[in-house]
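Have a look at the structure below, then the notes.
What's counted below: heavy atoms across the whole structure, side chains too, no hydrogens, waters or symmetry copies. Chain identifiers are assigned alphabetically (A, B, ...) following the order of the sequence lines, protein sequences preceding nucleic acid strands; residue numbering begins at 1 within each chain.
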Amino acid sequence: MLEKSYDPASAEARLYDAWEKSGAFQPSDAPGAEPYTIVIPPPNVTGSLHMGHALNNTLQDALVRFERMRGKSVLWQPGTDHAGIATQMVVERQLQERQQPSRREMGREKFVERVWEWKAESGGTIFRQLRRLGASCDWSRERFTMDEGLSAAVRKVFVQLHREGLIYRDKRLVNWDPKFETAISDLEVENTEVDGHFWHFKYPLENGETYEFPIAFDEEGNATEWETRDYISIATTRPETMLGDGAVAVHPSDKRYAPIVGKRCLLPLADRYIPIITDDYPDPDFGSGAVKITGAHDFNDYKVAKKHDIKLYELMDTKARMLDADYIPEKYRGLDRYEARKEIVADIDARGLLIKVEDKKIMQPFGDRSGVVIEPMLTDQWYVDAETLARRAISAVEDGETRFVPENWTKTYFQWMRNIEPWCVSRQLWWGHQIPAWYGPDGHCFVAETEEEARKDAIARYTAEGYTLEEVDKMVRGEGEGPLLTRDEDVLDTWFSSALWPFSTLGWPEKTPTLKKHYPTTTLVTAFDIIFFWVARMMMMGLHFMKDEKGHPVAPFRDVYIHALVLDEKGQKMSKSKGNVIDPLLLIDKYGADALRFTLAAQAAQGRNIRLSEARVEGYRNFGTKLWNAARFCEMNECVVDPSFDPASTKEALNKWIVHEANGCAREVTEALEAYRFNDAAGAIYKFTWNVFCDWYVELSKPLLFDGGEAVKSETRKTAAWALDHILKLLHPFMPFISEELWGSLARRDGMLIKAQWPAFDARLSSDEAAAEMNWTINLISAIRSIRTEINAPAGAKVPLVAVALGEQEKARLAAHGDIVSRLARLSVIDHAREAPKGAVQIVHDGAVFALPLEGVIDIGAEKARLEKEIAKAADEIARIDKKLANESFVAKAPAEVVEEQRARREDYAAQGEKFKAALARLKDL
RNA sequence: GGGCGCAUAGCUCAGUGGUAGAGCGCCACCUUGACAUGGUGGAGGCCCGUGGUUCGAUACCACGUGCGCCCACCA
């Protein structure tokens, strides 16, 4: 016996264990089963489940369960990401909180050990939470970006790309994070508008030179007034960088400065002279039109400096403190960049060289993890030639090998891919994949998968260069003093290993059967915010490294489904600092995993963010309860699944009808899931379960089950059980727990729902006649109920019904379903008559008239008013349609069906209007 | 500066070239033998504005208004 209500807390863990033990999560090896593969977007290994994960994994699990039931060999590949910066940051913070030695005090080896400990401690959390959500990943294949196999894949990719010239080392400006003291990629920089200032300085001309500077102009733009200047005016938002200026640039067409181009000005404080040059970069209409060029601390200036061979002055150390360099005045050395700024502005002002300070909104770059202002710095880093790799990644999408759903993300993808910059992949961190590069004593770099190979390369190289064996031995092995080859200290960007995920997790570089079977993967499900970080890079790497038998590159996915962000009720992004984070696990505790999953799926409409409200989760919890109670009803009435039952064999119109409806629902859910329209799929099964099965079928079946003959009773029991089973199957991708629980409770049978066969649409099960008959009955009941309320008939009172001059078909239908109409519309008796009794309330239903003879009970005046309203409504509709039909071009140009439909509607309204008029006439004398 | 998206019931959102929908909320009634986490009935909408395409536009197109997001080096 089913309990009175469903208790998710006790059922979920039990069911999950049973699924896992059954092996259902592993791909089937059924012969001929088509592979279906999803790789999970790997969550951070030490992270915990947030609402974005909940949505992401709900959708993946829905697809995976759906395809598994359709008989495919499904692999949902799970795993986690080592999340370089994020994880290192967490551990460093822990050390600080516990007042333990800092990262640097511990040293690299100890620290990395410490991070592994933290991973061991907290690494299982996210997987436990995914299990609570019901995620049916193949846990036996769990991977981690820093496990042995994946690390080997990283090394191999790095070495090969290096050999191909697609990875190289270069000294150029990078985004430097002074908090973590590492380079980061462009994508990890967030540009934010902040309140800043615009400082205008005078740079005096060398040797006291002067020139005439125009300060007023006539309408034609000719100068009318001049002043004599002995300086050039520049403006900056970052005064502290002036110490590194190498030139002042003006636009070649800027006549104002023509007299001093080629001359030099004094760089105040630094007391150096710098040239005044021309370049296209300065905008004559902006500021003074003259730009200071600080090549080592500004990306634009860097380009100009490179072009004109202007000296670069590095100003800051890794923590963005002013360097101890001879071109920096002593008083600023060691100051933080913002302290230096203050001092420099004050000193310029003291020398009378500060013209003015303006308030100005400026775009400032911040590190997305650290939150500190990013400093452009000149450093040696490793780069991936993304432009070259992007070419195939672009064409794979252009050619339709991979498609984005919704399709509009294609544009975003292209836009970024077509303007891609070199990808800086080295990070000055300790947690991650250390770059497989070793340096010899002469600084030469050897890139190899192992130190052993690097040594071999080194020996070969130095031997070829003419060193003696003994010398080479010393250079490479450093007899007695430890190895002289020193390994590159840096680690790789986390996204480097993530980029290999679709093939590294399947076994690459080994040629495993899994790789062969499950690459390319079928669908990637992810949020748009990591299209650039992750999707684009997987496309690049997949297409570069994975080839088919003929050697053609193979993209890692067929479909990339991009889902929404989950926002709070007000449409705000959830964040810890805002305090509006909704914890999915709390919702699971409170309402069950199914309710949360259904909420997310039902709201996952393409192209729109999800605003999550708890009320909605509660509503879907109620939906589960509703289903549970419908199942209890079935159980109480001995509706037991009969495996030999053929739903196409039913005789009763009611049963034919529910079979017909269930079949239609299967088609809707299937088509919606195939098209990634999760909300439509969820909506279809919701509607069928509640509004068709519970609201009508269960109610309509009662007379058959309670009072029907044996044959009718038996057929209805089997049909009810079949329909409920059908619901459980269609619901399973969204509400796996409750559906599995009911499946297990309702029949003694082998196997679990998770492995049951998905109901395909079956034309044999359609019955338009039964649908018409039952819809007629249902609508009649609704019409009577509606009138009852309108005339304030007490809900408990049974009233008589008179059917007026029914046609043959109506008579037959009423004869067949009179019992249930009486029951659900609370009728005392159904009579037939040629005319409606005097003073009765009359219902016009589908062209027929039904009367409730309640003379003396009803308010005649109100009833007359009601009928008049109905007559007017019909007349309005008729007028509207007539206007259409009178339009010659409508009749001539609209499709024949549409015109016909309008005519039919007109007739219906006309007939209805007539009936209402007759009804009104019958009340005339009262 | 470039790109994308949104505007429909009180709220949150589906949707369609021809009759406007859901959930929640609201009102009234109901302990009817699955379910009050429920049932029945109901109220509530110039489908943002203007113009165009069309026999017909809430839907397609253009412009406008308002809001949101992404990318970008104006010192």
Side-chain angles (χ1 to χ4, degrees), chain A residues 2 4-6 186-187 191 198 234-238 241 249 281-283 285-294 298-303 362-363 365 376 406 408-409 411-412 414-416 419 528-529 531-532 565 569-571 573 591 595 599 602-603 605 607-613 615-616 618-637 677 679-680 683 686-687 691 694-695 698-699 702 706 781-782 785-790 792-796 823-826 877 880-881 884 887-895 897-899 901-902 905:
Chain A
L2 289 172
K4 188 109 200 222
S5 69
Y6 169 64
D186 299 344
L187 286 176
N191 291 300
F198 206 31
I234 61 94
T236 179
T237 57
R238 302 206 49 203
T241 64
Y281 166 58
D283 174 358
D285 298 325
F286 185 80
S288 68
V291 182
K292 67 195 255 315
I293 301 299
T294 320
D298 182 283
F299 286 98
N300 292 310
D301 294 4
Y302 180 73
K303 279 183 205 155
I362 54 172
M363 290 299 272
N408 58 294
W409 291 108
K411 227 169 175 170
T412 307
F414 282 148
Q415 197 190 322
W416 190 68
N419 297 293
F528 65 81
D529 52 348
I531 291 180
F532 305 146
L565 256 33
E569 266 174 296
K570 293 172 203 145
K573 217 168 173 171
Y591 301 104
T599 307
Q603 291 198 91
R608 196 190 261 272
N609 288 335
I610 295 177
R611 295 195 194 186
L612 189 74
S613 77
R616 196 124 181 199
E618 192 182 346
Y620 291 120
R621 186 272 318 266
N622 295 352
F623 171 67
T625 308
K626 185 76 182 171
L627 173 66
W628 183 264
N629 280 295
R632 285 181 71 220
F633 171 83
C634 289
E635 186 186 46
M636 287 171 185
N637 289 286
R677 286 184 286 106
N679 57 321
D680 288 343
Y686 180 93
K687 218 170 169 169
N691 304 117
C694 293
D695 286 352
V698 166
E699 293 306 327
K702 283 176 181 173
F706 297 165
I781 293 167
S782 296
R785 281 171 170 173
S786 174
I787 290 295
R788 287 182 59 117
T789 305
E790 236 170 300
N792 291 319
R823 185 186 178 94
L824 297 186
R826 309 224 110 223
E877 288 293 335
R880 251 176 66 188
I881 297 169
K884 252 186 193 174
N887 182 344
E888 279 172 34
S889 41
F890 170 70
V891 179
K893 292 187 182 171
E897 312 92 81
V898 173
V899 178
E901 198 187 317
Q902 294 296 324
R905 283 188 64 212

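- Distance, A:Glu699 CD to B:rC35 P: 11 Å, rounded to whole Å.
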Anything under 3.5 Å between a protein N or O and an N or O of nucleotides 1-3 of chain B, put it in a table, one pair a line.
| unit_1 | atom_1 | unit_2 | atom_2 | d |
| --- | --- | --- | --- | --- |
| B:rG3 | O2' | A:Gln415 | OE1 | 3.2 |

Revision key, fill the gap. Dot-bracket for RNA chain B, 5' to 3', Watson-Crick and G-U pairs with both distances under 3.5 Å, [ ] for crossing pairs, | for partner on another strand, reads (((((((..((((....[..)))).(((((.......))))).....(((((..]....))))))))))))....
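- Across all strands shown, A:Phe706 has heavy atoms under 4.0 Å from base atoms, whether or not it also approaches the sugar-phosphate.
- Nucleic acid contact class of A:Arg621 (heavy atoms, under 4.0 Å, all strands): base.
- Taking atom CG of residue A:Asn408 and atom C1' of nucleotide B:rC69, one finds them 12 Å apart after rounding to whole Å.
- Partners of A:Phe286 by ring-ring contact (aromatic ring centres under 6.0 Å, His included), not counting sequence neighbours, listed by chain and number: A:Phe198.
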Might you list the N or O atoms of the protein lying below 3.5 Å from N or O atoms in nucleotides 9-18 of chain B, with each pair's distance?
| unit_1 | atom_1 | unit_2 | atom_2 | d |
| --- | --- | --- | --- | --- |
| B:rC13 | OP1 | A:Arg611 | NE | 2.8 |
| B:rC13 | O3' | A:Arg608 | NE | 3.0 |
| B:rA14 | OP1 | A:Arg608 | NE | 2.6 |
| B:rA14 | OP2 | A:Arg608 | NE | 2.2 |
| B:rA14 | OP2 | A:Arg608 | NH2 | 2.9 |
| B:rG18 | O2' | A:Gln902 | NE2 | 3.4 |

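- Partners of A:Asp680 under the salt bridge (Lys or Arg N to Asp or Glu O under 4.0 Å) rule, at least two apart in sequence or in another chain, are A:Arg677.
- Looking at residues two or more places apart in sequence or on another chain, you find a ring-ring contact (aromatic ring centres under 6.0 Å, His included) between A:Tyr6 and A:Trp628.
- One can place CG of A:Asn622 at 12 Å from P of B:rG23, the figure rounded to the nearest angstrom.
- Aromatic ring centroids of A:Tyr620 and A:Tyr591 lie 6.0 Å or more apart.
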